[in-house]
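Computation of the quantities below employed the complete heavy-atom set of this structure, encompassing side-chain atoms and omitting hydrogens, waters and symmetry-equivalent molecules. Naming convention: chains lettered A, B, ... in sequence-line order (proteins, then strands); numbering from 1 in each chain.
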Amino acid sequence: MNVLEQTENTLKQEIAAAVIKASLATEEELPAIILEKPKDKAHGDFASNIAMQLARIAKKAPRQIADDIVANLDQTKASIEKVEIAGPGFINFFMKNDFLGEIIPTILEAGENYGKTNAGNGERVQVEFVSVNPTGDLHLGHARNAAFGDVLCNVLTAAGYQVEREYYINDAGNQIDNLGLSVEARYFQELGEDVQMPEDGYHGQAIIDIAKKIVAEHGNEWTFKEKSERLAFFKEFGLKTSLENIEKDLKDFRVEFDSWFSERSLYKNEKITDALNTLEEGNFTYEKDGAMWFKTTDLGDDKDRVLIKQDGSYTYLTPDIAYHKNKLDRGFDQIINVWGADHHGYIPRMRAAIQALGYPVEKFDVKIIQMVNLFEGGEKVKMSKRTGKAVSLRELMEEVGVDAVRYYFVTRSNDSQLDFDMDLARSQSNDNPIFYVQYAHARICTMLEQAKNKGFADGGEVDASLLTAEKELDLLKKLGEFPQTVADAAEKHTPHKVTQYVFDLATLLHSFYNAEKVLDSENPERTNARIALMKAVRLTLANAMGLIGVTAPEKM
RNA sequence: GUCCCAGUAGCUCAGCUGGAUAGAGCAACAGCCUUCUAAGCUGUGGGUCGCAGGUUCGAAUCCUGCCUGGGACGCCA
């Protein structure tokens with residue numbers, strides 16, 4: 001717990017005590033004390049709406065209640081500077097600023113650990129994300145999924161959860177057969193033969209590259225082999241190559257997984273029949289039209305789903321149920337799936353499956369990543385996996401840069417669609433918010449460098465009471481909020497709160513920088529305190545950027 | 001037709017476990033570089049929070065209905 005939380009908790013306890021003491025409510029009647037941080041500084045450091053909440057219980061006017069509470073409040077204990085009653089009955093607390101002095105030493109001592117908490121209590125969370133079919137390259141939409149998932153994992157880890165990142169490889173279904181057929185067609189085309197691509201084949205450049213690679217390594221030898229033998233080879237070759245490419249792209253995007261889970265392993269280890277047995281035992285299945293159905297309508301879905309088709313093969317859902325059973329069997333407290341918006345209709349049946357398997361549905365959460373609209377030359381570019389017309393993650397990284405792409409995707413809430421302007425991103429102009437944040441970090445580095453060169457004292461006792469300028473106090477308060485912001489983002493699965501935070505902190509820094517001079521030989525004591533403040537800001541910026549997975553440059 | 005997401009400033013978006021005068025970036029306008037990096041700062045203008053009801057001391061936030069945009073509704077994956 002940091003100083004800010006301590007102050008807040010003490011205040012809450014004192015308010016509760018005052019309410020009881022003023023006989024406004026009994027301990028049982030007392031609602032949870034909520035302290036909010038007012039947007040307007042004129043409303044103090046904390047504000048409580050307790051008087052309004054108690055109006056009904058105490059049968060008194062809110063402002064009267066507020067008066068009673070304030071009269072019974074031990075202001076010394078809660079280190080309150082001033083209390084005001086305002087508006088319909090808000091109690092505004094202005095805190096003594098001495099607690100702010102502890103923030104700098106706390107941060108400097110914690111170093112790169114500042115921001116970490118144990119909010120998650122070591123709970124085990126598995127996050128499955130990206131999980132793109134190995135039939136082509138990663139594109140723009142996948143990049144958003146990857147950035148979101150990765151930052152979510154970073155944030156969860158910082159907040160004290162035990163996190164495992166997993167990629168589910170769909171290496172067993174129809175799409176892999178199509179991959180084989182697509183590679184075959186491209187292979188013959190490479191050799192100059194007029195062969196049509198299959199109707200539902202994969203038209204991306206990646207498949208052409210795979211065919212070229214086969215030609216380079218094997219020449220035309222596969223034209224003489226049996227078709228089944230050839231397809232089997234092309235399938236495996238395509239799968240292996242695609243996965244290598246995907247893994248490489250993700251690694252360069254700074255996303256690495258703890259485990260890559262193969263769908264095939266579910267077949268091999270009879271996990272699918274296990275899962276089906278569990279569903280049958282629970283009476284969740286029935287036969288109809290020569291197929292086996294799953295009664296998901298009993299569990300909140302709008303129609304029942306086929307598990308085993310007439311031809312005896314599984315639908316996509318079936319191994320996926322087995323996969324989720326396997327995840328839960330591994331003992332995670334939470335499993336989070338990050339899916340594209342086009343899969344949202346799949347949620348009810350998966351939730352049904354979790355319940356049918358006998359697990360609490362609360363353990364299962366799906367984060368839907370809304371579509372990314374690509375704009376280029378002022379026009380919306382239609383993306384299509386089928387025709388392969390999409391901007392690849394590789395191109396994005398090369399043209400825009402990893403920092404900018406990651407930051408941009410985690411600036412917005414996952415359930416808002418967003419427009420990605422390729423020209424703007426490419427332009428590397430200062431419109432790009434990542435530079436704003438990085439610049440704040442680089443600025444501080446320059447100051448600290450100057451401090452060293454000019455021989456200002458480094459370290460030693462810092463007298464934080466010398467930091468009295470408004471912008472200094474703003475910075476200190478913001479710095480103190482960081483651990484709570486991270487914990488909040490983790491708990492609510494909203495990594496963009498961290499991006500929001502780092503931007504706000506950068507704003508305060510820039511504003512401070514323009515208003516006050518840090519290195520002042522006329523005032524060595526205050527300079528010393530300000531250098532310490534700058535170090536604390538730099539560390540916090542760097543830690544936050546680390547969570548987002550972007551670099552914190554020392555020079556720009 | 002059913003379901004999911006969105007609709008907030010000219011544009012892109014925050015804010016949504018209800019709280020005081022609704023925010024930021026970009027764009028527009030006016031200022032700030034002999035002083036630690038102007039990729040910065042300061043200020044101004046800009047809003048029926050899609051519409052209509054409801055819940056209550058109080059609604060951008062919760063509920064209902066409707067409108068608009070996007071997406072999903074397969075024995076594809």
- [ ] Represent RNA chain B in dot-bracket notation, 5' to 3'. Only Watson-Crick or G-U wobble pairs with both distances under 3.5 Å count; pseudoknot-style crossings use [ ] and interstrand partners use |.
- [x] ((((((((.[[[[.)...(...]]]].(((((.......))))).....[[[[[..)....]]]]])))))))....
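On the P atoms, B:A22 is 14 Å away from B:G45, given to the nearest whole Å. Between B:G43 and B:U34, the distance separating the two C1' atoms is 25 Å to the nearest Å. B:G50 and B:A14 have their P atoms separated by 14 Å, with the value rounded to a whole Å. Separating the P atom of B:C49 from that of B:C11 is a span of 16 Å, rounded to the nearest Å. Using C1' as the reference atom, B:G47 and B:U8 are 8 Å apart when rounded to the nearest Å. B:C63 and B:A24 are spaced 30 Å apart, taking the C1' atom of each and rounding to whole Å. Taking atom C1' in both B:A77 and B:G65, one finds a spacing of 37 Å when rounded to whole Å. For the P atoms, the distance linking B:C66 with B:A60 amounts to 23 Å, nearest Å.
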Open item on the list: Go through it in stages, so that I can follow the logic: the residues are A:N337 and A:K327, the test is side chain to side chain donor-acceptor pair (under 3.5 Å), and I'd like the CA-CA distance, side-chain angles, deciding distance and then a yes or no.
Closed with: CA-CA 11 Å; A:N337 288 5; A:K327 284 190 194 181; 2.8 Å; yes
Open item on the list: Quick one, A:E516 with A:R530, criterion salt bridge (Lys or Arg N to Asp or Glu O under 4.0 Å). Give me CA distance, side-chain angles, the key distance, then yes/no.
Closed with: CA-CA 10 Å; A:E516 313 286 346; A:R530 285 187 170 170; 3.3 Å; yes
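The side chain of A:N133 contributes no N or O atom lying less than 4.0 Å from OP1 or OP2 of B:A77. Look at A:H496 and you'll find a side-chain N or O under 4.0 angstrom from OP1 or OP2 of B:G15. In this model, the phosphate group of B:C76 is approached by a side-chain N or O of A:K309 to a distance below 4.0 Å at OP1 or OP2. Taking 4.0 angstrom as the limit, A:T411 places none of its side-chain polar atoms (N or O) nearer than this to OP1 or OP2 of B:C13. An OP1 or OP2 oxygen of B:C16 is reached within less than 4.0 angstrom by no side-chain nitrogen or oxygen of A:K492.
Scanning all heavy atoms of the two residues, the minimum distance from A:I321 to A:L279 falls at CD1-CD1, 4.1 Å. Scanning all heavy atoms of the two residues, the minimum distance from A:G173 to A:E263 falls at N-OE1, 4.2 Å. Taking each heavy atom of A:I33 and A:I50 in turn, the nearest pair found is CD1-CD1, 3.7 Å.
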Name the pairs: protein N/O against N/O of nucleotides 18-21 of chain B, kept only if under 3.5 Å.
unit_1 : atom_1 : unit_2 : atom_2 : d
B:G19  : N7     : A:N49  : ND2    : 2.8
B:A20  : N6     : A:N92  : OD1    : 2.6
B:A20  : N1     : A:N92  : OD1    : 3.1
B:A20  : N1     : A:N92  : ND2    : 3.0

Can you give me the N/O atom pairs linking the protein to nucleotides 29-36 of chain B at distances under 3.5 Å, or say none if there are none?
unit_1 : atom_1 : unit_2 : atom_2 : d
B:U35  : O2'    : A:K517 : NZ     : 3.2
B:C36  : O2     : A:L519 : N      : 3.3
B:C36  : N3     : A:V518 : N      : 3.1
B:C36  : N4     : A:Y513 : O      : 2.7
B:C36  : N4     : A:E516 : O      : 2.5

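Glycosidic conformation, B:C57: anti, with the torsion outside 90° of 0.
Position along RNA chain B of the nearest nucleotide to A:G173 versus A:K497 favours A:K497 as the more 5'-ward residue.
The aromatic ring of A:H510 does not stack onto the base of B:A39, failing the criterion of a centre distance under 5.5 Å from the six-membered base ring together with planes under 30° apart.
Aromatic ring centres of A:Y408 and A:F420: separated by under 6.0 Å. Ring centroid separation for the pair A:H510 and A:Y436 comes in under the 6.0 Å cut-off. Residues A:F364 and A:H324 bring their aromatic ring centres within 6.0 Å.
Between A:D415 and A:R412 there is no salt bridge, since no side-chain nitrogen of the basic residue lies less than 4.0 Å from a carboxylate oxygen of the acidic one. Taking a cutoff of 4.0 Å between a charged side-chain nitrogen and a carboxylate oxygen, A:R63 and A:D67 do not qualify as a salt bridge. With salt bridges taken as basic N to acidic carboxylate O contacts below 4.0 Å, one links A:D68 and A:K60. Contact check on A:D474 versus A:K478 returns no salt bridge, with no Lys/Arg side-chain nitrogen under 4.0 Å from an Asp/Glu carboxylate oxygen. Between A:R538 and A:E449, none of the side-chain N atoms (NZ, or NE/NH1/NH2) sits under 4.0 Å from a carboxylate O, so this pair counts as no salt bridge. A:K37 has no carboxylate O lying under 4.0 Å from a charged side-chain N of A:E481, or vice versa, which leaves the two without a salt bridge.
Residue A:R412 contributes atom CZ, which lies 14 Å from atom C1' of B:G15 at whole-angstrom precision. When the C1' atom of B:A77 is taken as reference, atom CG of A:N170 falls 7 Å away, rounded to whole Å. Taking atom CZ of A:F503 as the reference point, atom P of B:C13 lies 16 Å away to the nearest angstrom. Between the P atom of B:A77 and the CG atom of A:L307 lies a distance of 12 Å, rounded to the nearest Å. As a whole-Å value, the separation of A:D504 CG from B:A24 P is 10 Å. Atom NZ in A:K380 sits about 12 Å away from atom P in B:U12, given to the nearest Å. Put simply, CZ on A:R305 is 7 Å from C1' on B:C73, counting in whole angstrom units. Between the P atom of B:G23 and the NZ atom of A:K37 lies a distance of 19 Å, rounded to the nearest Å.
Contacts of A:A341 with the nucleic acid, taken as non-hydrogen atoms under 4.0 Å apart, involve only primed sugar atoms and P, OP1 or OP2. Counting non-hydrogen atoms under 4.0 angstrom, A:D289 reaches a base of the nucleic acid. Across all strands, A:A440 comes closer than 4.0 Å to no nucleic acid atom at all (heavy-atom distances). In this structure, A:L418 reaches the sugar-phosphate backbone alone: every heavy-atom distance under 4.0 Å involves primed, P, OP1 or OP2 atoms, never a base.
Partners of A:Y168 under the ring pair (Phe, Tyr, Trp, His ring centres under 6.0 Å) rule, at least two apart in sequence or in another chain, are A:Y323. Partners of A:E399 under the salt bridge (charged side-chain N to carboxylate O under 4.0 Å, His left out) rule, at least two apart in sequence or in another chain, are A:R426.
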TODO: Heavy atoms under 4.0 Å is the rule here; annotate nucleotides 5-11 of chain B 5' to 3' with B where the base is hit, S where only the sugar-phosphate is, and - elsewhere.
DONE: SS-----
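Within the model, atoms CD of A:E84 and CZ of A:F93 stand 11.5 Å from one another, a figure rounded to the nearest 0.5 Å.
The nucleotide whose nearest atom lies closest to any side-chain atom of A:S413 is, among B:A14, B:A39, B:C4, B:A14.
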